[in-house]
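Written below as structure tokens is the structure these notes are about.
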Amino acid sequence: MNQRSYFRDAPDPQNDTLERRQFAERTVLALQEVRRQSESSVAGLIAPWGAGKSTALAMIIEGLKNHDNDPWIIVDLNPWLYSDVDSLQLGFFVALREALPSDAKWNRSRERIGNFFTAISPAGKVNGLVGVDASAALEAFGQKVAGDTSANALKEKAEKSLRGLEQPILFIMDDLDRLTPDELLMVFKLVRLVGRLPNIYYLLAYDEKTLLDLIQQTNIASGNRGRAHDYLEKIIQVRFDIPALRPQQKADLINHAMTEVMDRYEVEASEEDIELFSRIYRKYLANTLTTPRSINRYFAQIDSLYETLNREVNFVDFALITFIRTFQPEVYKNLTGPWRAEITGDAGSHITLRNESPTDKEERWHQLLLSSHVDPSDVTGVYELLRSLFPRMNPDRASSRILEETAQRRGVGDRDYFDRYFVFGVPGDDISDHALDTLIRSMGSAPTSDSVDPILEALKAHTARTCRKIRRSLPGHPDAAAWLLPHLADLYASAPHEIFSVDGSPMINLEYTTQLALSEIPSDRVEEAIQSMNRLPHGALLASIAVQRLREEQSSNIGALLRSTSRALAARVRELMEIDLASVSTHDFRHVYHWRIITGKQISDVALKEAITNGPWTALDFAARNISVAISGRVESLSELDFEILDEVMGLSYFYQELREPIDESDTPILRHHYSDTIENRRKLALSFLRSRRDSDAHQ
């Protein structure tokens, strides 16, 4: 099989990879033996659709025509070409008449045979043939026999003439399994009652299962499978069953086709991917890919649609999804419909069934598959296939590690890649992984705006998803990491500060991406990288968050990161210490919090104490600025006072003493999440918190 043959559905006797030639030769010898033992017979060439009947038939015809000792006259009659049963009968007569010798000594015999055919042919249907002028052919047989000459008498004369044939006539009838029940019965009638003439033989090619289904629909069987089988046995005297593909033949076809497609698209499948396909093939695919046509059809689908997805999805996952699309179309539709939320983990993904037992889950899915018209014998295989592709269907495989591996391999079970498998390309709201990988690899050589702009647009429009993809491509590329850091800092300023998001929090994804990018920066380039971030309003804060996490992971460049980030934060805090805290924004004051963590309290708190004691900061505004902000959706409100910072920097007693009068006068109740973030509200709430804490401490 080669790539160009996947869509071929015509006989291909020159490509004998399945040992059909040997079968055809044995069939030719068997037909010769039938000819010696009987003056007329009916044989069946039997195989399922797509098993190669037409190819084997072409080889058999070739062998019969070229037989030196006992040649045949071959009549190829395809009943499917005729518009109705009467036309079919006429077509049969015309085909036989054309097969008779045309020399002068056969004129009388041809007339006798023509008289018999004319006597039993349907009146008024002589022009019903497709592409044949049947009336002219029948007129050549002679005028309609009238009066007392019976059809039986005419038949006897026809038989006598046909016994004089030097070469027998073999009617080849293919595609019987495409007929209607009435048309099929007419073929059998012609073969059984009319066509059983001396030196007339038949080779009928069909799929037995389909033929039995057709016979069951007639009055002969009346829905009884056994009666249909018995009737077929009366018609067919000799069976030639085309051998089914042996397991090794199927495996060779699959391996060859898979290798050919992978070579064409330069796919390098991992050992895990190869093992996945092999396992699913053994458990399920092998039961469906049983004929050359089914295998060709399958790989034609892969080959025709993978090109636009090359390097954008996992090839093996695409091959398996293609199998579902080709052979289980209802299941395929449901994957993007009612089942999507559960298999991808999207919002609303079967929350009510989160306590479902594995047994109940399997039973529920089996019912879903049955309702999607999956054959009961295939349900277990389809279920295992889906579990292999979608880790969230399998609690044992839904760990964060497995989910990350699925994303890393661009698997269909990851929500960032799911849609690509069903739109056969990169959706308009997504970004090409190939383009992203190419950009990251080219960062050392001044990338163009044409390559950079789509990445930045994707980061802005779909921050979480693009960040996840960047993290999979970034390791080992310090130039790309350095280029990316200021852009991440710029986006961080406007990223929603929500902790939960269906697609993942943009803020948290930016933080994790910054963490990875900083870990890729060599120590001698850390200062430059941190300063590139610090030029942006949120740069130092973002760097601080990432460095704190890297310190826990003991990153190899952590020393340089701590020093550079500390200097950047210290410079910002020094600027704040020159102005009144009332004019400092909540955002700017966050630098103080991060500076204490990165630099160390033993250094930072000395400077903070000096700013409070000697100005320009006041005790009230320092307390007010240390009230946290709670975020609900996109609404911010004042929350808790951080007593620990007050205690570590100045001691709580300092604030009780310094603010004694305003604390005593404070009558504002502590109502968390009821105040917007203004300096006046912060002061009121700080005094209320301090009064409550002072009174509590006094009673202990």
Side-chain angles (χ1 to χ4, degrees), residues 1-10 12 15 17-18 48-52 54-55 245 249-269 273-274 276-337 339-340 343 369 372-375 378 381-382 384-386 388-390 409-413 417-427:
M1 184 192 305
N2 56 59
Q3 184 270 331
R4 296 177 182 175
S5 71
Y6 293 149
F7 289 98
R8 181 195 296 272
D9 198 30
D12 189 15
N15 185 19
T17 60
L18 302 176
W49 280 345
S54 297
T55 296
L245 293 181
Q249 288 177 314
K250 289 195 296 183
D252 290 344
L253 289 175
I254 296 290
N255 291 339
H256 188 276
M258 182 68 86
T259 300
E260 188 173 65
V261 174
M262 291 173 64
D263 286 347
R264 179 181 179 187
Y265 295 109
E266 300 179 348
V267 174
E268 296 182 5
D273 285 339
I274 294 173
L276 169 62
F277 186 87
S278 299
R279 175 168 52 84
I280 295 300
Y281 174 78
R282 292 191 301 270
K283 285 188 173 182
Y284 173 48
L285 272 61
N287 298 329
T288 301
L289 301 175
T290 57
T291 65
R293 180 182 294 167
S294 64
I295 294 172
N296 271 346
R297 180 188 178 205
Y298 175 43
F299 281 95
Q301 294 294 317
I302 295 174
D303 189 43
S304 63
L305 293 171
Y306 183 70
E307 185 170 6
T308 57
L309 283 168
N310 194 14
R311 292 176 290 190
E312 300 295 344
V313 299
N314 180 276
F315 174 78
V316 168
D317 278 23
F318 179 78
L320 294 174
I321 285 293
T322 299
F323 182 89
I324 295 173
R325 178 169 57 84
T326 306
F327 298 102
Q328 298 291 352
E330 289 298 319
V331 173
Y332 179 81
K333 292 177 183 177
N334 284 329
L335 292 178
T336 56
W339 300 350
R340 174 176 180 145
I343 62 179
L369 294 173
S372 299
H373 305 105
V374 176
D375 189 275
D378 291 331
V382 176
E384 289 302 316
L385 170 55
L386 294 179
S388 298
L389 292 174
F390 300 100
R409 58 189 288 276
R410 300 185 175 106
V412 67
Y417 295 97
F418 178 85
D419 285 323
R420 296 183 176 191
Y421 288 83
F422 299 90
V423 300
F424 309 113
V426 179

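Nothing here was measured: the structure is a model prediction, and the numbers come from that model. Because only heavy atoms are used, hydrogens play no part in the values below, and waters and symmetry mates are left out as well, while side chains stay in. Along the sequence shown, residues are numbered consecutively beginning with 1.
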(request) Without swapping roles, check the side chain of Asn255 against the backbone of Ala251 for a donor-acceptor pair under 3.5 Å. (result) yes

(request) Mind jotting down which residue pairs meet the salt bridge (Lys or Arg N to Asp or Glu O under 4.0 Å) criterion with at least one end in residues 277-286? Sequence neighbours excluded, please. (result) Glu275-Arg279

(message) I'd like to know if the side chain of Asn334 reaches the main chain of Trp339, judged simply by a donor and an acceptor atom lying under 3.5 Å from each other, with no hydrogens or angles considered.
(response) no

(request) For Phe390 and Gly413, work out which heavy atoms get closest and say how close. (result) CD2-CA, 3.6 Å

(request) Measure the spacing between OG1 of Thr55 and CZ of Arg293 and express it to the nearest 0.5 Å. (result) 9.5 Å

(request) Sequence neighbours left out, what passes salt bridge (Lys or Arg N to Asp or Glu O under 4.0 Å) with Arg325? Give chain and number order. (result) none

(message) Measuring centre to centre across the rings, with the benzene-like ring taken for any Trp, is Phe318 within less than 6.0 Å of Tyr306?
(response) yes

(message) Rounded to the nearest 0.5 Å, what separates atom CG in Leu253 from atom CG in Leu289?
(response) 10.0 Å

(message) I need the minimum non-hydrogen distance between Arg420 and Leu309, along with the two atoms involved.
(response) O-CD2, 3.5 Å

(message) How close do Asp317 and Arg409 get, counting heavy atoms only, and between which atoms?
(response) OD1-NH2, 2.8 Å

(request) State the CD1-CG distance between Ile324 and Leu335, to the nearest 0.5 angstrom. (result) 5.5 Å

(request) Report yes if the distance between the aromatic ring centroids of Tyr421 and Tyr417 is under 6.0 Å, otherwise no. (result) no

(request) Please name all residues satisfying salt bridge (Lys or Arg N to Asp or Glu O under 4.0 Å) with Arg311, sequence neighbours left out, ordered by chain then number. (result) none

(request) Can you see which heavy atom on Gly50 is nearest to which on Thr291, and at what distance? (result) O-CB, 3.2 Å

(request) Enter the distance from Tyr281:OH to Phe277:CZ here, rounded to the nearest 0.5 Å. (result) 8.0 Å

(message) Donor-acceptor pair, distance only, cut-off 3.5 Å: does the side chain of Asp273 make one with the backbone of Val316?
(response) no

(request) Just jot down the ring pair (Phe, Tyr, Trp, His ring centres under 6.0 Å) partners of Phe323, sequence neighbours excluded, or say none. (result) Tyr284, Tyr298, Phe327

(request) Drop me the distance from Phe315's CZ to Ile302's CD1, to the nearest 0.5 angstrom. (result) 5.5 Å

(request) Sequence neighbours left out, what passes salt bridge (Lys or Arg N to Asp or Glu O under 4.0 Å) with Glu384? Give chain and number order. (result) Arg387

(request) Return the set of residues passing salt bridge (Lys or Arg N to Asp or Glu O under 4.0 Å) with Lys333 (not counting sequence neighbours), or none when no residue passes. (result) Glu330

(request) For the pair Thr322 (side chain) and Gln301 (backbone), establish whether a donor and an acceptor sit closer than 3.5 Å, ignoring hydrogens and angles. (result) no

(request) Heavy atoms only: give me the nearest Ile280-Leu385 pair and the separation to one decimal. (result) CG2-CD1, 3.7 Å

(request) Drop me the distance from Leu369's CG to Gln328's CD, to the nearest 0.5 angstrom. (result) 8.0 Å

